[in-house]
2 protein chains.
Amino acid sequence: MSLIPIRRGAQSGGGRAAEHGAGPAAESERRDAARNRELLLCAAREIVEESGADALTMDRLAQRAGVGKGTVFRRFGSRAGLMMALLSGAEAEFQGRFMFGPPPVGPGAPPLDRLVAVGAARISWVLEFGELARAADASVYNRFDVPPAVLWHRHLEMLLREAGVTADPWLLASFLGAALEPELLLHSVQVHGISPDRLAQTWRELVTRMVGGG
Amino acid sequence: MSLIPIRRGAQSGGGRAAEHGAGPAAESERRDAARNRELLLCAAREIVEESGADALTMDRLAQRAGVGKGTVFRRFGSRAGLMMALLSGAEAEFQGRFMFGPPPVGPGAPPLDRLVAVGAARISWVLEFGELARAADASVYNRFDVPPAVLWHRHLEMLLREAGVTADPWLLASFLGAALEPELLLHSVQVHGISPDRLAQTWRELVTRMVGGG
DNA sequence: AGACTAAACGGACTGCGGTCCGGTTATATT
DNA sequence: AATATAACCGGACCGCAGTCCGTTTAGTCT
């Protein structure tokens, strides 16, 4: 008998919370597991649509999907992980737009125009998906280190460099990015009634001064 | 008998969470209540000092102070309220500095210098008290509407106006303020090893471009 | 087909923040 | 001093996120 029973795919590297990234599993996944993942994502979307993201509790989700609570955590690691999985489609679409899409958001326009346009696009995106995005903000510690956030930050940094900003573009990108955080934008709109247009207009003002003023 | 038994001081207005503001109660407070408030604040400071803000749970605090859990919530309304009470001293001191203190942080210096200086001061403050401040961020909904945050925002807005910024100073103050949020600053320092000096330097860059570029 | 093993499963359990309500006590009135 | 009452007190209780571990099942190897 073989002492080392070669498993083919198996879950990815570490111990827990495999890859709450996108849709289908990284490699092969046991069929019951795959079925349950779909069941859960589907039920989660239903709950969010019916009652909002705040109403999505892990117990309720498990019950609705007809699985045990442990299964939910096995698949998604945490509530935040589940939210990320729900968001991954929208996030990928947005990334695609600023990386490969048509100008001025995508490549091909002058850097300042791109900064202005991508900010406006981000504002719209946040106003549409911000509730989920807020719920997907994990444990404060990795909130800025999750892949989409890193990509977004790098992109802002790159645009700043291209626009001729030489003074600490990395940190300036962080500062600029902070202005577009869901927390702040949602608060401005929902509590103070600021219009999305005004947000975009002021963003334009901010980045224009940033880039031009140096 | 008097149908309207006149209470003298009584708790402040509404129903719950009296005034977690500063030290002694707004007006007179029953002596046992006052004693318990001091007991609780004292025990809370001890726990934070020993084990950090995250280790401060309401049960543990109640037990340590030798009171019931209900008493803790009666006094401070919520965990966030308790944290605000712990912070109120440091917050008041900081407010005093930028409102009445010596220039360039306080009044008397040119607006741009004040913006630069107050940002640097804020950075130091956040690096010292940020952990508490983060724990004091209440329910996302009123995070920006709590008095110290409002005052801080107004101050930034005023400095922008004085510096000649005419385009939407209110929202620009929000955007600038976002760059100094504890969440972001602590992450920069703790995860990416950015030095406080570099934060202050880049803040200077940001506001200089903001004010000069228009 | 039958046996074997790693993975998936599910629900009881923990610790947390927050609420509630019956019992207790401080203070004003007589 | 006795009484009345409003505020205070405490801990049982709730719903939640997240963990643990005994049980079941899918996929593989003979």
Side-chain angles (χ1 to χ4, degrees), chain A residues 1-12 14-18 20 25 27-40 47 53-83 135-139, chain B residues 1-12 14-18 25-37 39-40 47 53-83 135-140:
Chain A
M1 63 180 180
S2 63
L3 287 175
I4 304 169
I6 303 116
R7 289 282 301 160
R8 340 152 265 130
Q11 286 290 48
S12 59
R16 73 183 52 260
H20 5 77
E27 306 194 4
S28 81
E29 182 181 37
R30 251 173 61 170
R31 257 203 297 284
D32 51 350
R35 176 177 47 81
N36 279 342
R37 151 176 288 130
E38 290 314 312
L39 232 53
L40 283 166
I47 294 176
D54 290 345
L56 177 56
T57 74
M58 301 305 254
D59 292 276
R60 201 176 151 191
L61 172 62
Q63 190 179 359
R64 176 123 176 193
V67 305
K69 193 176 178 178
T71 302
V72 183
F73 281 90
R74 165 174 304 279
R75 283 277 83 78
F76 300 106
S78 68
R79 197 180 116 100
L82 170 69
M83 296 299 187
D137 281 343
S139 42
Chain B
M1 63 180 183
S2 66
L3 287 175
I4 303 171
I6 303 118
R7 290 282 300 159
R8 337 153 267 133
Q11 287 291 51
S12 58
R16 75 182 47 261
E27 304 195 8
S28 79
E29 183 182 35
R30 249 172 63 170
R31 254 202 299 281
D32 50 352
R35 177 177 47 82
N36 279 342
R37 149 176 291 131
L39 233 53
L40 284 166
I47 294 176
D54 291 346
L56 177 55
T57 74
M58 300 306 255
D59 292 277
R60 204 176 148 191
L61 173 61
Q63 189 179 359
R64 177 123 177 191
V67 304
K69 193 177 178 179
T71 302
V72 184
F73 281 91
R74 165 174 304 278
R75 283 277 87 76
F76 300 105
S78 68
R79 199 180 113 100
L82 170 68
M83 297 298 186
D137 281 344
S139 43
V140 174

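- Rounded to whole Å, atom P of dC16(D) lies 13 Å from atom CE of Met83(A).
- Separating the CZ atom in Arg64(A) from the CG atom in Leu56(A) is a distance of 10.0 Å, to the nearest 0.5 Å.
- In this structure, the CZ atom of Arg37(A) is 10 Å from the P atom of dC9(C), given to the nearest Å.
- Taking every heavy atom of both residues into account, Phe76(A) and Arg37(A) meet most closely at CZ-O, 4.4 Å.
- The minimum heavy-atom distance between Leu61(B) and Ile47(B), with the atom names listed, is CA-CD1, 4.0 Å.
- Ranked by how close their nearest DNA chain D nucleotide is to the 5' end, Thr57(A) and Arg35(B) are led by Arg35(B).
- Put simply, CZ on Phe73(B) is 5 Å from C1' on dG18(C), counting in whole angstrom units.
- Closest non-hydrogen pair, Ala136(B) versus Ala80(B), comes out as O-CB, 3.6 Å.
- Between Arg60(A) and the phosphate of dC16(D), there is no side-chain N or O to OP1/OP2 separation shorter than 4.0 Å.
- Relative to the axis of its first five pairs, the axis of the last five pairs of the helix from dA1(C)-dT30(D) to dT30(C)-dA1(D) sits at 0°, rounded to 10 degrees.
- When all heavy atoms of Leu40(B) and Ala65(B) are compared, the closest pair comes out as CD2-CB, 3.6 Å.
- The CG atom of Asp54(B) sits 17 Å away from the P atom of dG15(C) (whole-angstrom rounding).
- One atom, CG of Leu61(B), and another, P of dG15(C), lie 18 Å apart when rounded to the nearest Å.
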At a cut-off of 3.5 Å, list every protein nitrogen or oxygen paired with a nitrogen or oxygen from nucleotides 10-13 of chain C, distance to 0.1 Å.
| from | atom 1 | to | atom 2 | distance (Å) |
| --- | --- | --- | --- | --- |
| dG10(C) | OP2 | Gly68(A) | N | 2.9 |
| dG10(C) | OP2 | Thr71(A) | OG1 | 3.0 |
| dG10(C) | O5' | Gly68(A) | N | 3.4 |
| dG11(C) | O6 | Gly70(A) | N | 3.4 |

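- Checking Ala80(B) against Arg31(B), the closest nucleotide of DNA chain C that is more toward the 5' end is the one next to Ala80(B).
- Rounded to an integer number of Å, the gap from Ile47(B) CD1 to dC16(C) P is 11 Å.
- At dG18(D), none of the side-chain N or O atoms of Arg79(A) fall inside 4.0 Å of OP1 or OP2 (strictly under the cut-off).
- Residues forming a side-chain contact (heavy atoms from CB on, under 4.5 Å) with Asp137(A) (at least two apart in sequence, or on another chain): Arg143(A).
- The minimum heavy-atom distance linking Ala53(A) with Arg79(A) is given by the pair O-NH1, 3.7 Å.
- Between Leu39(A) atom CG and dC9(C) atom P the separation is 10 Å, expressed in whole Å.
- As a whole-Å value, the separation of Phe76(A) CZ from dA17(D) P is 15 Å.
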